[in-house]
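Because only heavy atoms are used, hydrogens play no part in the values below, and waters and symmetry mates are left out as well, while side chains stay in. Predicted model only: the values in this text are computed from it and were never measured.
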Amino acid sequence: MYAYHAVFVLQLFFCFTEATGSSIVGGKVSEPHSKAYMASLQVNRSHRCGGILIRKDFVLTAAHCKSEKMTVILGAHNISKREKSQQRIKVAKFHPHPQYKDEEFSNDIMLLKLQHNAQLNKYVKVLELPKKKENLPAKTKCTVAGWGQTVNGSHMSDVLKETTEKIESNSRCKHIWKDYFQTEVMICTKHGQKGGFCWGDSGGPLICKKKLEGIVAYAYKHNCTNPKYPHVFTKVHSFLPWIEKVMQGKTTA
């Protein structure tokens with residue numbers, strides 16, 4: 001797959017810049033359809049970002065993934081094929097967080113209103129939002145999945161892949177990313193040099209203890225697998241009130 005605007009990287013303090021996507025380096029191929037909530041966000045049949053089906057008519061993703069004329073592919077394992085399990089639904093409306101800005105890295109979250117409801121079945125399922133705040137201790141094992149690069153700098157993967165990353169302490173994340181890491185709205189993870197998300201996985205989920213905790217946000221530009229730089233995710237729980245308002249039609253943003 002080809003990803004565009006898929007993972008943010010920082011330009012200022014560390015000479016980072018916006019990247020063109022992210023996916024799983026190392027890891028393993030997911031059991032087909034074991035993550036039935038996963039969405040491939042595509043433009044002109046080209047994969048741009050990942051996403052999560054959280055209601056029959058809404059997909060959750062990263063705000064920097066926004067691209068006009070986007071189509072959501074649900075029920076996919078191999079996105080290079082027209083699998084019978086797949087559902088292709090166009091985006092009716094984009095709802096990026098009103099306080100998100102391209103040049104900043106906080107509030108990197110967006111809801112996509114689908115043109116029609118997804119048909120739920122064994123291939124397409126909704127992933128529930130976290131009901132309560134949970135402070136995950138360092139070293140908690142979490143899973144991230146996507147259709148991105150399998151080796152840093154290589155082509156994207158046609159099939160869904162996944163890998164394990166561990167929660168990193170806020171103090172370590174703050175030390176590395178400075179003011180770009182905001183503990184109230186972000187989570188960061190430790191990853192090995194041979195595994196983790198990379199170009200093409202933006203907008204995909206971070207699952208910890210079987211619960212949705214984060215959305216893939218940004219990594220180090222020059223080498224997404226550099227273990228010195230923790231991977232950063234938008235903290236979903238921090239945005240629950242806004243998510244509920246959008247899905248209830250109580251806000252236009």
Side-chain angles (χ1 to χ4, degrees), residues 1 6 22-24 27-42 47-62 65 70-95 109-132 134 136 141-148 157-165 187 197 200-216 233-237 239-240 242-244 246-249:
M1 68 181 177
S22 75
S23 183
I24 302 302
K28 64 179 182 179
V29 175
S30 298
E31 181 182 345
H33 311 295
S34 60
K35 293 173 172 52
Y37 49 79
M38 288 291 299
S40 170
L41 310 185
Q42 301 185 4
H47 176 90
R48 300 296 178 92
C49 281
I52 310 119
L53 186 68
I54 60 170
R55 205 174 79 177
K56 289 189 292 185
D57 56 344
F58 273 100
V59 167
L60 186 65
T61 187
C65 290
M70 180 172 278
T71 299
V72 172
I73 311 303
L74 302 170
H77 176 64
N78 188 328
I79 56 174
S80 71
K81 297 180 179 180
R82 283 278 192 158
E83 300 164 317
K84 293 182 179 180
S85 58
Q86 292 180 11
Q87 298 179 37
R88 307 177 69 90
I89 307 175
K90 292 183 178 181
V91 175
K93 190 169 184 179
F94 296 89
H95 293 274
I109 189 169
M110 176 170 64
L111 281 164
L112 305 177
K113 179 70 167 67
L114 304 181
Q115 281 193 354
H116 60 80
N117 289 350
Q119 182 177 350
L120 302 184
N121 52 42
K122 65 179 181 179
Y123 304 111
V124 177
K125 297 180 181 179
V126 169
L127 182 62
E128 290 188 359
L129 293 169
K131 293 183 173 60
K132 61 180 181 179
E134 185 172 357
L136 298 170
K141 290 184 178 181
C142 303
T143 301
V144 61
W147 285 276
S157 174
D158 290 332
V159 296
L160 185 66
K161 294 192 68 181
E162 63 184 87
T163 193
T164 299
E165 301 194 18
I187 303 171
F197 74 68
D201 290 330
S202 283
L206 179 73
I207 306 294
C208 309
K209 299 180 180 180
K210 299 182 179 181
K211 295 180 181 179
L212 174 62
E213 296 291 346
I215 300 169
V216 176
F233 302 78
T234 300
K235 187 184 293 186
V236 174
H237 187 274
F239 295 92
L240 288 181
W242 173 77
I243 291 172
E244 292 298 333
V246 172
M247 293 198 302
Q248 292 171 10

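Put simply, the side chain of Thr61 gets close to the backbone of Gly50: a donor and an acceptor are under 3.5 Å apart. In this structure, the side chain of Gln87 engages the main chain of Gln119 through a donor-acceptor pair within 3.5 Å. Side-chain atoms of Gln86 never come within 3.5 Å of backbone atoms of Ile73 as a donor-acceptor pair (strictly under, hydrogens ignored).
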Starting from the C-alpha separation in whole Å, work towards a yes-or-no answer on side-chain contact (heavy atoms from CB on, under 4.5 Å) for Leu212 and Tyr37. CA-CA 11 Å; Leu212 174 62; Tyr37 49 79; over 6 Å; no
Audit row: Leu120, Leu53, side-chain contact (heavy atoms from CB on, under 4.5 Å) steps and yes/no: CA-CA 10 Å; Leu120 302 184; Leu53 186 68; 4.0 Å; yes
If you apply the rule side-chain contact (heavy atoms from CB on, under 4.5 Å), what do you find for Asp158 with Lys81, and how did you get there? CA-CA 9 Å; Asp158 290 332; Lys81 297 180 179 180; over 6 Å; no
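Phe94 and Met110 get closest at one heavy-atom pair: CD2-SD, 4.0 Å. For the residue pair Ala62 and Val216, the shortest heavy atom distance occurs at CB-O, 3.9 Å. Nearest approach of Leu74 to Ala39, heavy atoms of both residues: CD2-CB, 3.7 Å. What you find for Asn78 and Glu83 is that their closest heavy atoms are N-OE2, 2.9 Å. Residues Tyr123 and Ala36 come closest through the heavy atom pair O-CB, 3.3 Å.
Annotation: the span from Arg88 atom CZ to Arg82 atom CZ amounts to 4.0 Å, rounded to 0.5 Å. With rounding to the nearest 0.5 Å, the separation of CD in Glu213 from NZ in Lys235 is 9.0 Å.
Cation-pi contact between Lys113 and Phe58: present, with separation from the ring centre below 6.0 Å and deviation from the ring axis of at most 45°.
In the model, Thr143 has no side-chain atom that pairs as donor or acceptor with a side-chain atom of Glu162 under 3.5 Å.
Shown here is Gln115, whose CD atom has more than 12 heavy atoms of other residues, nucleotides or ligands within 6.0 Å. Environment of NZ in Lys211: sparse, with no more than 12 heavy atoms of neighbouring residues, nucleotides or ligands closer than 6.0 Å.
The one candidate from Val236, Val59, Leu111 that meets the side-chain contact (heavy atoms from CB on, under 4.5 Å) condition with Ile54 is Leu111.
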